[in-house]
Colleague: 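Quick one: the structure is below, and I'll ask about it shortly.
When a ligand or atom number is given, it counts from 1 through the structure's own listing order.
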Amino acid sequence: MNFHIMTLFPEMVMQGLNTSIIGRAMDKGLINIEAVNIRDYAYNKHNKVDDYIYGGGAGMLMQAEPVYLCYEAVKNRIESGESDENSVSNNASAGDDSKAESNTASERIAISEDDISTEINGERRLRVVYLTPQGEVFSQKKAEELAKEEELILLCGHYEGIDERVLEEIVTDNISIGDYVLTGGELPAMIVVDAVSRLIPGVLNNDVSAEFESFNEGLLEYPQYSRPEVWHDKKVPEVLLSGHHANVDKWRHEQAIQRTKERRPDLYDRYAADSKD
Ligand code: ADE
């Protein structure tokens with residue numbers, strides 16, 4: 001899967017994603033991430049990309065044209081299969097054999113007709129996610145939906161946001177990572193890339209772990225323990241040492257229900273309603 005992050009801070013994004021599991025996934029060529037600097041598409045000699053807001057108001061707004069030109073450049077490259085020499089990406093570090101490991105979205109997950117929500121006149125539209133506190137709150141379900149894409153463009157705003165007219169033209173999804181306001185869309189974009197990438201086969205060492213964890217089945221994950229058996233006078237629950245798999249599964253399920261009830265009553269109510277169905 002290929003991520004294209006449109007941002008004023010490409011280094012920040014790449015540095016944040018270059019380590020650990022996502023870094024290894026990039027090295028293996030399971031995912032590609034390029035960060036494209038919107039400032040490279042400024043159309044004035046000062047490389048300015050923001051301006052005052054019509055009607056007044058504090059702060060500056062990112063202008064439509066640089067964002068649009070940046071998007072057009074990314075789109076053209078995707079359509080022609082070329083890469084951008086100016087963008088910061090992991091392409092250079094992925095070896096030749098990485099391509100062999102890379103799998104297409106349609107190979108990974110069969111896309112049903114219902115999944116194709118971004119069509120215009122029957123043609124599939126490039127998915128462009130704008131990170132904004134005014135978006136739909138990001139969820140595991142949304143991550144699963146986005147993981148079906150072959151190409152995903154993420155647009156990070158700064159200052160007071162981006163001129164509405166370009167958003168109307170290019171954005172297919174507005175995503176918020178929660179009801180609070182950050183200084184820009186970079187951290188939210190990194191969160192989306194992380195949550196989507198780990199769903200791609202091969203990215204996690206243990207493929208089952210993406211399935212059996214918090215939010216699958218709509219429940220939070222049960223408590224887990226590792227060695228030693230006793231720590232600060234706290235003993236690992238007996239059932240987990242019993243080797244009796246059915247009892248372990250039952251205990252974990254009960255714990256997941258109890259934990260969800262206590263910590264996320266909203267999730268528990270939904271789970272209880274779904275279970276009744
Ligand atoms: N940009 C600023 N705050 C944000 C948030 N909460 N979610 C997504 N993008 C943002």
Side-chain angles (χ1 to χ4, degrees), residues 1-18 22 31 33-42 48-68 70-71 74-75 87-88 117-118 125-149 151-199 214-215 220 263-264 266-267:
M1 177 165 185
N2 301 314
F3 297 94
H4 312 265
I5 305 174
M6 294 166 50
T7 169
L8 292 174
F9 302 97
E11 280 78 18
M12 171 184 176
V13 170
M14 292 311 291
Q15 274 170 18
L17 292 169
N18 243 327
I22 303 302
I31 56 171
I33 304 175
E34 67 160 356
V36 190
N37 196 340
I38 296 170
R39 203 175 291 284
D40 290 344
Y41 299 88
K48 207 165 95 71
V49 291
D50 59 325
D51 212 327
Y52 295 104
I53 304 172
Y54 280 122
M60 308 283 264
L61 204 63
M62 282 170 70
Q63 292 168 287
E65 188 66 0
V67 173
Y68 189 70
C70 181
Y71 161 76
V74 171
K75 180 168 171 271
S87 67
V88 187
S117 53
T118 47
R125 232 183 119 176
L126 260 181
R127 208 79 185 256
V128 180
V129 171
Y130 176 45
L131 288 312
T132 165
Q134 297 161 21
E136 150 193 7
V137 177
F138 192 48
S139 63
Q140 190 64 23
K141 187 159 166 271
K142 190 73 182 181
E144 283 161 18
E145 182 194 320
L146 295 177
K148 293 172 185 163
E149 299 292 330
E151 311 282 345
L152 189 62
I153 301 178
L154 296 129
L155 172 59
C156 308
H158 246 272
Y159 314 116
E160 291 307 309
I162 302 181
D163 190 307
E164 192 67 23
R165 292 166 294 183
V166 68
L167 299 176
E168 280 167 15
E169 287 204 17
I170 69 173
V171 171
T172 57
D173 302 73
N174 291 284
I175 292 183
S176 162
I177 59 154
D179 291 337
Y180 40 82
V181 182
L182 302 169
T183 54
E186 283 73 18
L187 287 170
M190 286 154 70
I191 285 169
V192 171
V193 171
D194 188 293
V196 171
S197 296
R198 62 189 290 294
L199 297 173
S214 295
F215 296 120
L220 299 184
R263 297 188 184 179
R264 292 291 304 273
D266 56 323
L267 283 185

Colleague: Under 3.5 Å, side chain of Thr172 to main-chain N/O of Val128, donor-acceptor pair present?
Modeller: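 Yes; at least one donor-acceptor contact below 3.5 Å.
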
Colleague: Tell me whether Gly184 reaches ligand 1 (any heavy atom closer than 4.0 angstrom to a ligand atom).
Modeller: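 Heavy atoms of Gly184 do come under 4.0 Å of ligand 1.
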
Colleague: Considering only protein heavy atoms, which is closest to atom 8 (C) of ligand 1, and at what distance to one decimal place?
Modeller: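 The protein heavy atom lying closest is Thr132 N, 3.4 Å.
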
Colleague: Hey, is CG on Asp266 packed in by over 12 heavy atoms from elsewhere, all under 6.0 Å?
Modeller: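 Yes, enclosed.
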
Colleague: What residue and heavy atom of the protein are closest to atom 7 (N) of ligand 1, and at what distance?
Modeller: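 Nearest neighbour among protein heavy atoms for atom 7 (N) of ligand 1, to 0.1 Å: Ile177 N, 3.0 Å.
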
Colleague: For Met62, what residues pass the side-chain contact (heavy atoms from CB on, under 4.5 Å) criterion, not counting sequence neighbours?
Modeller: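 Once residues adjacent in sequence are excluded, the partners of Met62 under the side-chain contact (heavy atoms from CB on, under 4.5 Å) criterion are Leu8, Ile38, Val67, His158, Tyr159, Ile162.
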
Colleague: Short list, please: which atoms of ligand 1 are under 4.0 Å from a heavy atom of Leu131?
Modeller: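 Ligand 1 atoms under the 4.0 Å threshold to Leu131: 8 (C), 9 (N).
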
Colleague: Could you tell me whether Arg127 and Glu145 make a salt bridge, using a distance below 4.0 angstrom between a side-chain N and a carboxylate O?
Modeller: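 Here Arg127 pairs with Glu145 in a salt bridge, since their nearest N and O are under 4.0 Å apart.
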
Colleague: For atom 3 (N) of ligand 1, what's the nearest protein heavy-atom neighbour? Residue, atom name and distance, please.
Modeller: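 Result: Leu182 N, 3.0 Å.
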
Colleague: Find out whether Val129 and Ile153 are in side-chain contact, i.e. whether some heavy atom of one side chain is under 4.5 Å from a heavy atom of the other.
Modeller: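 Answer no - side chains too far apart.
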
Colleague: For ligand 1, which atoms, with element, lie under 4.0 Å from some heavy atom of Gly178?
Modeller: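 Result: 6 (N).
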
Colleague: Distance to 0.1 Å, residue and atom name: give those for the protein heavy atom nearest to atom 4 (C) of ligand 1.
Modeller: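 Nearest protein contact, heavy atoms only, for atom 4 (C) of ligand 1 is Pro133 CD, 3.6 Å.
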
Colleague: Who's the nearest protein heavy-atom neighbour of atom 6 (N) of ligand 1, and how far?
Modeller: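 Ranking protein heavy atoms by distance from atom 6 (N) of ligand 1, first comes Tyr180 O, 2.7 Å.
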
Colleague: With sequence neighbours left out, write down each residue that passes side-chain contact (heavy atoms from CB on, under 4.5 Å) with Glu164, or none if nothing qualifies.
Modeller: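 For Glu164, the residues satisfying side-chain contact (heavy atoms from CB on, under 4.5 Å) (neighbours in sequence not counted) are Leu167, Glu168.
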
Colleague: Does ligand 1 have any atom that is closer than 4.0 Å to a heavy atom of Ile175?
Modeller: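 It does; at least one heavy atom falls under 4.0 Å.
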
Colleague: State, with a plain yes or no, whether a side-chain heavy atom of Leu17 is found less than 4.5 Å away from one of Val193.
Modeller: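 SC-SC contact between Leu17 and Val193 confirmed.
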
